[in-house]
Protein chains: 2
Amino acid sequence: MQKQPTIRDVAHAAGVSVAVVSRVLNPGSGPVAAATRGRVNDVMQTLGYHPRTAARELKHGPATTLGLLLADVSNPFFARLADHVVQEAHARGIQVLLMTTQEDDRLESERLSTLIERRVSGIIATPTGNNLEIWKKLQDMGADVVFVDRSIPSLPEVDVVSINNTESARAATALLAAHGHRRIGIISGPASSTTGRDRIAGHRQALEAAGLDQDDLLIRSAAFRGAAGGDAVTALLSLEHPPTALVVANTAQVTTVLRRLAHAGVSIPDELSVIVFEDSPWTELMTPPLTIVRQPIDLLARHSVQLALSNASGQTSGKPTTIRVEAELIERSSVARPGSK
Amino acid sequence: MQKQPTIRDVAHAAGVSVAVVSRVLNPGSGPVAAATRGRVNDVMQTLGYHPRTAARELKHGPATTLGLLLADVSNPFFARLADHVVQEAHARGIQVLLMTTQEDDRLESERLSTLIERRVSGIIATPTGNNLEIWKKLQDMGADVVFVDRSIPSLPEVDVVSINNTESARAATALLAAHGHRRIGIISGPASSTTGRDRIAGHRQALEAAGLDQDDLLIRSAAFRGAAGGDAVTALLSLEHPPTALVVANTAQVTTVLRRLAHAGVSIPDELSVIVFEDSPWTELMTPPLTIVRQPIDLLARHSVQLALSNASGQTSGKPTTIRVEAELIERSSVARPGSK
DNA sequence: CATAAAAGTGTAACCGGTTCCACTCTGTTT
DNA sequence: AAACAGAGTGGAACCGGTTACACTTTTATG
């Protein structure tokens, strides 16, 4: 990497002071004669000058970088979220530092340290649920943290953008109940996650509204990573009274669940009706096409970026904002009446 | 964001000079008495001190940030690539600035400017194919550019990591030929992309080796974005002599192709044998499970990061490196003998 | 025990921008 | 004609780290 020209090189070559060059660089920061501006611009062009972000950021904090801290990006849900966040940020001239936690507390805390050292203007994160002290510290430092998808109840001061998990799960289970199912299973996220808990709560609401028994054996919490979804399926199928319908409310485990069902030779929807929380184009290509809960990822992203940046620009309303967007239940063909087997 | 403590605050509180604090911060940069080190560390702890990356980067270039410039991250292929790149980078203490081009030259050039201004230590990119001058300039600046997945032939000086596209497509088409297919179609990426061209070349090699006619009507180039894949399917199906087998060599268009086939009521593999370049878990869940070409994304990522960083550390071998990893053809059930209809 | 070598520490310059303030030079107002 | 506003510019301090160098104190060596 050979030496790049600095602002002083440009100033010298253009026969002006660095202050003038800086003003050319930041229109509105002071007056510059049109002729001078032209000359400076020409020099910058021929010298191939690019101002260094690092130097600029030394003065003021970087209002130009956003930290995006996700569990992982292999999961298409997070991938699409990342894509939209990046686009929203770029549209505002902001760059995104992407980090992943692999759902691991220790990694999460390391990533957070890095973000603190970078003095990023905002952080959008799917928290693992631990590292409470660090999140609190970040808040005290005045960092603009937004939790997306999940949240941490013991940190009520943080802005949150998520889908209405309770309602989505309620609607899914209600649909199955309406088809006449009386034993409806659910495989949700870990109980330590708000998404996991909220979806189970919604499920229970629907059961109660339909006047159905609440059999805790039909409620399974599976970790986000690994093959926990498959194991939950096996457990459900080997029950004395297995479910006739299943809500897969853990997006990260949908494919492992379906694989296990296929291996077990369970036919959908004849033997088992299925609704999945997942919006991949593949769900429609399955045989039968799957009934899904679609999460409006673009909205999640837009609101998150907006919150992270509006806070940064000092519009601290004081109260933390919680935005809950509605998911959409899309009926296809994986739900039928029970007992058609 | 309230005022954060600086190195001078720490120095003052610990009763030492900033030089000592800096040495504590960077072990190996000079001697510090054990007692002093302890005291300084304690002070940093209680003050909640975090050194600012921006200040550190002012001195030397940032050997700590990598630019990752992808088409988009909605595409699971790029998403998994991003995931692995981030993990590899984190393992080396490097952060990743994620940017997307949406396959748009103008956006690409904007992103590149940003990366130049940040003086990132390396760039891993899937180039759109344009912006030749900027890439060249980056090279002249001594930036460490690595093209991954695709490349630009007129920039032979850049390191490239990709799969062996020609061989992968050849193997796919050869498998279909071995099953007795004589009219084999291919839907590949745009002719402007190396992946698109190379896969078509491999396809032609296989046809020739099998002694089959080369009917250009069976060779379709579809853009990466939009629904071009579906349209290509329609075109192929409405041919006077439609193909009996199809290679979908454009990962971004696999689902649009399959959707169109489903809508057209084409049954796989009875009416049409299919091989897709795609490694989603969903391919195995389809009816029938799809025969696929699996791309070793982890290897692509590992090699890219390695190249981007090894160059950065001054091990410029002089000659550009090209690493080609082999894809794996995984036979499942979407290929059968023709005419079983 | 003399003396060289090494350990421990502090001062100040530097990285490359931004910005406050002083200054000059027009053109305008009374 | 004096007073003044404001455009245009430059000098120098500053942001928060790193580091070359000078200096003092220990420790090792013959």
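Atoms considered below: every heavy atom in the structure, side chains included; atoms not considered: hydrogens, waters and symmetry mates. Chain A is the first sequence line, chain B the second, and so forth, proteins listed ahead of strands; every chain is numbered from 1.
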How would you summarise protein contacts on nucleotides 7-15 of chain D per nucleotide, using B for base, S for sugar-phosphate only and - for none, with heavy-atom distances below 4.0 Å?
-BBBBB-BB
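No side-chain donor from either of A:E103 and A:T101 sits under 3.5 Å from a side-chain acceptor of the other. A donor-acceptor contact closer than 3.5 angstrom is absent between the side chains of A:Q102 and A:D72. Side-chain polar atoms of A:S162 and A:R324 form a donor-acceptor pair below 3.5 angstrom. Defined by atom type and a distance below 3.5 Å, a donor-acceptor pair is present between the side-chain atoms of A:R118 and B:T64. A donor-acceptor pair shorter than 3.5 Å cannot be found between the side chains of A:T65 and A:Q95. For the residue pair A:S74/B:D83, the side-chain donor-acceptor check at 3.5 Å is satisfied.
Under the side chain to side chain donor-acceptor pair (under 3.5 Å) criterion, B:E57 pairs with no residue, sequence neighbours left out. For A:T195, the side chain to side chain donor-acceptor pair (under 3.5 Å) test picks out A:S193, with sequence neighbours left out.
Judged by distance alone, with hydrogens and angles left aside, the side-chain atoms of B:S151 form no donor-acceptor pair with the main-chain N or O of B:P153 at under 3.5 Å.
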Which donor-acceptor pairs under 3.5 Å do the side chains of residues 17-30 of chain A make with protein atoms, sequence neighbours left out?
residue, atom, partner, partner atom, Å
A:S17, OG, A:A19, N, 3.4
A:S29, OG, A:N26, O, 2.7

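Going from atom CE of A:M44 over to atom C1' of C:dG16 covers 15 Å, rounded to whole Å. Distance CG (B:N26) to C1' (D:dG16): 13 Å, rounded to an integer number of Å. At whole-Å resolution of the value, NE2 in A:H60 and C1' in C:dC20 are 12 Å apart.
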N/O-N/O pairs, protein side and nucleotides 25-29 of chain C side, under 3.5 Å:
none

Contact list (N/O, under 3.5 angstrom) for nucleotides 24-29 of chain D vs protein:
none

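Using a 4.0 Å cut-off, no side-chain N or O of A:S22 falls inside it from OP1 or OP2 of C:dG17.
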